[in-house]
Amino acid sequence: MSNIGSYDERIKNFDWNIAEKELDYEPGNPINIGWYCSDRICEKGFGNKPALIWEGSAGNEKRYTYNDLRLNSNAVGQFLRDLGIRPEERVCLFMDKIPELYIGFLGILKMGGIAQPLFSAFGDESLFVRLDNAQTTAIITQKKHAPKVRKIMDKMPYLKHMIIVDADPSKPLADREVAFDMEQAEKPEKFTIHPTYAESPSVLHYTSGTTGQPKGVKHVHYSLISQYLTSKWVLDLQESDIYWCTADPGWVTGTSYGIIGAFSNGVTQCVLDAGFSADNWYRFIEKHKITMWYSAPTAIRSLMKAGDEVIKKYDLSSLRHLASVGEPLNSEAVIWSEKVFGKPFLDTYWQTETGSMMITNFPGMKIKPGSMGKPFPGITATVIDSETFEPFGEPGKIGLIAIKPGWPSMMRTYWRNEETYQKKFKNGWYLPGDRSSIDKEGYFWFVGRDDDVINTGGHLVSPFEVESALLEHPAVAESAVVAKPDFVNMEVVKAFVTLKPGFVGSKDLDLEIMNFVRKKLSPLAMPQEIEFIDSLPKTRSGKIMRRILHAKEWGEEIGDTSTLEND
Ligand code: PRX
């Protein structure tokens with residue numbers, strides 16, 4: 001029997017206080033995610049249960065029980081407090097998927113800090129704009145990533161500490177640098193958890209928009225209510241589950257479901273800190289007897305590409321439930337997974353701003369391959385007309401996804417950017433910026449984004465950020481960045497570039513520019529293709545018309561070009 005039972009019954013009787021009661025939370029009392037994910041599970045008698053089973057790229061393993069999670073996060077919290085870091089100051093986590101990332105996250109929350117996870121493959125420019133916007137007080141990192149921080153240290157007087165978790169004891173550290181060895185650190189049995197409340201800030205995640213700088217999505221401790229219950233009802237986490245969430249906590253899936261949802265439900269979760277390969281993934285599932293697997297369409301399509309033969313080498317019979325997030329999950333992938341694993345991947349739709357799943361397929365519900373499913377109980381979602389902002393009265397029409405604000409894990413604002421936050425609401429609806437239709441049985445069918453943001457392999461990339469980075473290259477005069485179709489990643493970044501006088505397009509220049517962007521931003525943001533052209537299509541007012549370049553890449557109608565400069 002699945003945790004959710006009957007979806008229709010749950011919808012009828014739903015109230016978020018179901019989760020509050022299960023978590024013994026009384027409105028008005030303190031609520032701290034760090035405590036709920038470690039101390040509370042120990043108090044319930046599961047201190048010796050494995051919480052985190054971690055495997056590195058060399059196959060090395062580390063195991064932590066819930067009691068280890070509790071003590072180690074106490075150690076992190078104490079260390080930060082002793083450094084003088086105060087509640088609500090931002091503490092960035094800039095690490096690979098190592099245990100210190102998961103446990104450090106809980107430690108920051110326990111001392112009342114705001115956890116700011118950033119993807120460790122970010123280059124110095126991507127890192128700087130996000131730390132600068134957040135005015136981050138401390139960054140916790142590994143020695144392999146420290147050079148990227150050192151490069152921008154002088155521009156960040158507010159960054160008081162760089163904490164290195166694997167510092168070499170024989171090497172002296174520079175000013176503002178400090179070593180913290182979690183394994184060796186003293187682990188306080190008693191740690192006074194900062195009394196955070198429902199509206200106390202907890203996590204700051206950065207997401208990309210079409211224009212301007214990345215936006216810092218502010219979440220609060222009350223988000224736990226949504227993350228706990230969606231994990232229980234959609235991921236169907238049960239006491240005996242061995243759970244694997246493949247997402248990196250640099251992104252929201254890796255925190256909402258790779259940390260908070262998993263640990264607050266007290267399951268055992270496995271983490272693989274290694275690059276992707278079909279063999280390695282199947283081996284990992286077999287070795288740890290994974291029962292619940294939460295992944296992403298790009299990974300699933302890569303597994304499809306690797307073929308069915310490799311699957312036969314492994315015993316994957318432990319798998320009982322699969323789910324996916326981040327990009328459209330095409331029907332072929334759902335049908336394929338049912339064929340090879342005996343279960344379909346259930347699609348779930350949400351975003352950094354929503355903090356938890358909004359529209360999903362539920363265990364036990366009829367699955368329509370290619371559909372995102374139906375709204376989670378307590379979520380009022382529909383599709384509205386993009387001009388009147390009114391819901392359509394009939395099924396089948398394509399419009400903007402619209403959600404009634406008010407669920408527990410809704411972002412509270414964009415950090416130092418309230419104006420952009422307010423623009424996300426129209427006519428009493430929150431607009432995630434996606435287009436969809438709803439069929440007559442109430443299933444949502446994703447159509448596309450309503451902006452120019454590129455979704456490559458489930459990661460959002462801002463064309464603006466890539467264009468700005470390109471302009472810093474000495475050869476580049478102008479640039480326009482659009483999505484290009486790709487079988488595995490759905491979309492990849494493509495750049496159109498005009499060169500400054502004296503430069504000529506060549507394979508070498510192409511590679512040089514690609515690498516330039518990779519180092520500054522990240523491998524995800526690096527254009528997979530650069531096309532050198534003589535001039536970019538622009539409006540009469542000089543604005544680059546990405547729409548035309550996009551349409552060309554996708555073989556679509558170009559549409560209205562009446563404002564084009566040189567038509
Ligand atoms: O465009 C939607 C797409 O990813 C966006 C959210 O990206 P991000 O904030 O990085 O969070 C990703 C993980 C929650 C959405 O606005 N997206 C997410 N899930 C789906 C999706 N597109 C289609 N189908 C999905 N299931």
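As the structure is a computational prediction, the values presented were derived from the model and not from experiment. In listed order, ligands and their atoms are each counted from 1.
Using modelled atom types, one finds no donor on one side chain facing an acceptor on the other under 3.5 Å when comparing N361 with Y443.
For K215 and W415, the positive end is not near the middle of the six-membered ring at less than 6.0 Å and at most 45° from its axis.
Remark: the backbone N or O of A134 is not paired with any side-chain donor or acceptor of Q116 at under 3.5 angstrom.
With sequence neighbours left out, A381 forms a side-chain contact (heavy atoms from CB on, under 4.5 Å) with I359, P375, I379, I403, F444.
Checked against the 6.0 Å centroid threshold, F362 and W233 do not count as a close aromatic pair.
With T298 as the partner, the side chain to side chain contact (heavy atoms under 4.5 Å, CB included) test is satisfied by one option alone out of N455, V488, T456: V488.
Among protein residues, V252, T253, V325, G326, E327, P328, D347, T348, Y349, W350, Q351, T352, M372, D434, F446, R449, N455, L460 come within 4.0 Å of ligand 1, judged on heavy atoms.
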